Peer 1: 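Below is one structure. I have some questions about it.
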There are 2 protein chains.
Amino acid sequence: MARPREFEPEEALQAIKDTFWRLGYEGASMQEIEAATGLKKQSLYRLFGDKRGMYLAAVEHYGRHEVTEAAAILAQPGPARDRIARLFGAMIDAAVKGGDRRGCFLCNASIDQAPSDEATRKLVGYMMNEVRGAIEAALAVSAPYDKDRKAREARAAHLMAAYFGLRVMIRAGMPPALLKTAAKEAAASV
Amino acid sequence: MARPREFEPEEALQAIKDTFWRLGYEGASMQEIEAATGLKKQSLYRLFGDKRGMYLAAVEHYGRHEVTEAAAILAQPGPARDRIARLFGAMIDAAVKGGDRRGCFLCNASIDQAPSDEATRKLVGYMMNEVRGAIEAALAVSAPYDKDRKAREARAAHLMAAYFGLRVMIRAGMPPALLKTAAKEAAASV
DNA sequence: ATTGTTACGGACCGTTCGGTCAATAATTAG
DNA sequence: CTAATTATTGACCGAACGGTCCGTAACAAT
């Protein structure tokens, strides 16, 4: 029983996520966030408490959407190598064809907030493990990974590193040819 | 003919680099830099112009020292696989035994400054290529990479991604076991 | 229609930011 | 010794920061 809000919290959160993703925690001023969401500070503060609350909510949103989407790609049918190739291929396409050079929000958060903020570190750690699990599951559909747990875990850890590294290189502005080469080699090594 | 400075610019720059490395560009306030160097603002501004000048000088310093050191590890005698293993091993040791969770300054700079600052982007791009070149050179000492340029370049690009990714994971606070597994697998795949 | 509650909008707050100024100290060239 | 030059220091600056307050508007319950 009160005045209803005039915006959709989910849309606002999406805009907040995009802003932090592009600019980082400190780089995203409240002014930017107001502009991105079309909302006034007060509405944002009432909904999220403070700036850090917005950031953590943004990271969670990333987990619910982007991470989930990556896991979905890995869960599509086909042998392990194809699944990994699709994951890396989608990433490269988004960067090269789509011009998306934002990188991986988890990596960005790891670098600019994880060292100083425990909540971020925990959240990011949890989500990175989700990625790892999804990669392991994709590997597990093909030999020799289906029967060799050690090999599967090791390969997944390695691929996870290559995946994150590539996304850093994407944000760094590395040339498409190099990105494609690295992605192909990652998939071919499975 | 004038009053001589009372500090060593190289030492100051090292302290500045460490500060930016730990805290990032925006996270490192001038106050923090003053404390780290033991110098007053004015001395720093006279030497570097402005904060961005300090940052770029810090990135260059990283190139002259840390990147060069990594290249030196890769240039030590032995077959390609051993060279790569030493590179990854040194990184993991520093993180796990040495407690150095700062990650790779090039990666950090890629994420927090490269997208918005062209000078940083160019500098980081140049240095990342140095890393790539050093990895290629290390691969080139062993078969099949010695005679297969394509394979060498592809493998180097992939290993570079894995290397950077691992350093992001180090900064993210991932557990030592996972880091070690990923590093071993990276070296074993050569 | 009145009351209680929540949302909105914008003025406002203290703090911290990067950066500058001006006074003083230390040196060298002549 | 004097003049010229540079280094050091701490006070100082306007702007932007994250965050809050408060008057007004819009709803639900009674």
Side-chain angles (χ1 to χ4, degrees), chain A residues 1-59 108-109 112-120, chain B residues 1-59 108-109 112-120:
Chain A
M1 64 165 182
R3 177 174 175 177
R5 61 166 64 92
E6 300 171 2
F7 61 93
E8 199 52 56
E10 179 70 10
E11 288 176 17
L13 186 48
Q14 168 118 17
I16 292 171
K17 179 190 67 180
D18 286 340
T19 307
F20 281 128
W21 193 352
R22 267 191 308 120
L23 305 174
Y25 182 77
E26 310 229 41
S29 67
M30 283 310 303
Q31 204 173 313
E32 287 271 1
I33 294 175
E34 283 185 282
T37 56
L39 301 178
K40 302 290 177 176
K41 272 185 191 177
Q42 187 66 12
S43 300
L44 295 163
Y45 275 95
R46 200 164 355 91
L47 203 50
F48 299 104
D50 58 8
K51 193 184 180 186
R52 185 148 304 275
M54 299 175 209
Y55 188 77
L56 292 171
V59 174
N108 301 1
D112 81 300
Q113 288 302 305
S116 59
D117 182 65
E118 191 184 336
T120 301
Chain B
M1 66 170 183
R3 176 175 176 175
R5 62 168 62 92
E6 300 171 359
F7 62 92
E8 199 53 55
E10 178 70 11
E11 288 176 17
L13 186 49
Q14 167 117 19
I16 292 171
K17 178 190 67 179
D18 285 340
T19 307
F20 281 128
W21 193 352
R22 267 191 308 120
L23 306 173
Y25 182 78
E26 310 229 43
S29 67
M30 284 310 304
Q31 202 174 312
E32 196 83 53
I33 294 174
E34 283 186 283
T37 56
L39 301 177
K40 303 290 177 170
K41 270 186 193 178
Q42 187 66 10
S43 299
L44 294 163
Y45 275 95
R46 202 168 351 92
L47 204 51
F48 298 104
D50 57 8
K51 193 184 180 186
R52 187 148 302 274
M54 298 175 209
Y55 189 76
L56 292 171
V59 174
N108 301 0
D112 81 297
Q113 287 303 304
S116 59
D117 182 66
E118 192 184 336
T120 301

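Since this is a predicted model, take the numbers as computed values, not measurements. Residue numbers start from 1 in every chain, and the chains themselves are labelled A, B, ... in the order their sequence lines are given, proteins ahead of strands.
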Peer 1: Closest heavy-atom contact between K41(B) and E34(B)?
Peer 2: N-OE2, 2.9 Å
Peer 1: What is the distance, to the nearest angstrom, from the OH atom on Y45(B) to the C1' atom on dA22(C)?
Peer 2: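 Atom OH in Y45(B) sits about 18 Å away from atom C1' in dA22(C).
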Peer 1: Quick one: sort the F20(A) and Y25(A) rings into parallel, tilted or perpendicular, breaks at 30° and 60°.
Peer 2: parallel
Peer 1: Atom CD of E32(A) and atom C1' of dG19(D): how far apart are they, to the nearest Å?
Peer 2: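 In whole Å, dG19(D) C1' lies 18 Å from E32(A) CD.
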Peer 1: Answer yes or no: side-chain N or O of K41(B) and base N or O of dG19(C) forming a donor-acceptor pair under 3.5 Å.
Peer 2: yes
Peer 1: Give the rounded distance in Å between these two atoms: CG of L44(A) and C1' of dG18(D).
Peer 2: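 From L44(A) CG to dG18(D) C1': 12 Å.
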Peer 1: Hey, what do you get for CG (L23(A)) to CD1 (I33(A)), rounding to the nearest 0.5 Å?
Peer 2: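 Between L23(A) CG and I33(A) CD1, I get 9.0 Å after rounding to 0.5 Å.
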Peer 1: Taking atom P of dG19(C) as reference, at what distance in whole Å does atom CD of E26(B) sit?
Peer 2: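 The distance from CD of E26(B) to P of dG19(C) comes to 11 Å, rounded to the nearest Å.
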Peer 1: Round to a whole Å and report the spacing from CE of M30(A) to C1' of dT15(C).
Peer 2: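 From M30(A) CE to dT15(C) C1': 17 Å.
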Peer 1: Which whole-number value in Å describes the distance from F48(A) CZ to dG18(D) C1'?
Peer 2: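 After rounding, the gap between these two atoms is 16 Å.
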Peer 1: Find the distance L23(A):CG to dC17(D):P and express it as a whole number of Å.
Peer 2: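 Computing the L23(A):CG to dC17(D):P distance gives 11 Å.
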Peer 1: Rounded at 0.5 Å granularity, tell me how far CG in L13(B) sits from CD in E11(B).
Peer 2: 11.0 Å
Peer 1: Take the protein atom CD1 of I33(B) and the nucleotide atom P of dG19(C), then report the distance between them rounded to whole Å.
Peer 2: 10 Å
Peer 1: Atom pairs under 3.5 Å, N or O on each side, protein against nucleotides 8-10 of chain C: can you list them with distances?
Peer 2:
unit_1	atom_1	unit_2	atom_2	d
dC8(C)	OP1	E6(A)	N	2.7
dC8(C)	OP2	S43(A)	OG	3.1
dG10(C)	OP2	K40(A)	NZ	3.1

Peer 1: Please round to the nearest 0.5 Å and tell me the distance separating atom CG of L47(B) and atom CE of M54(B).
Peer 2: 8.5 Å
Peer 1: Just by distance, do the side chain of D112(B) and the backbone of D112(A) share a donor-acceptor pair under 3.5 Å?
Peer 2: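 The answer is no, because no donor-acceptor pair under 3.5 Å joins these two groups.
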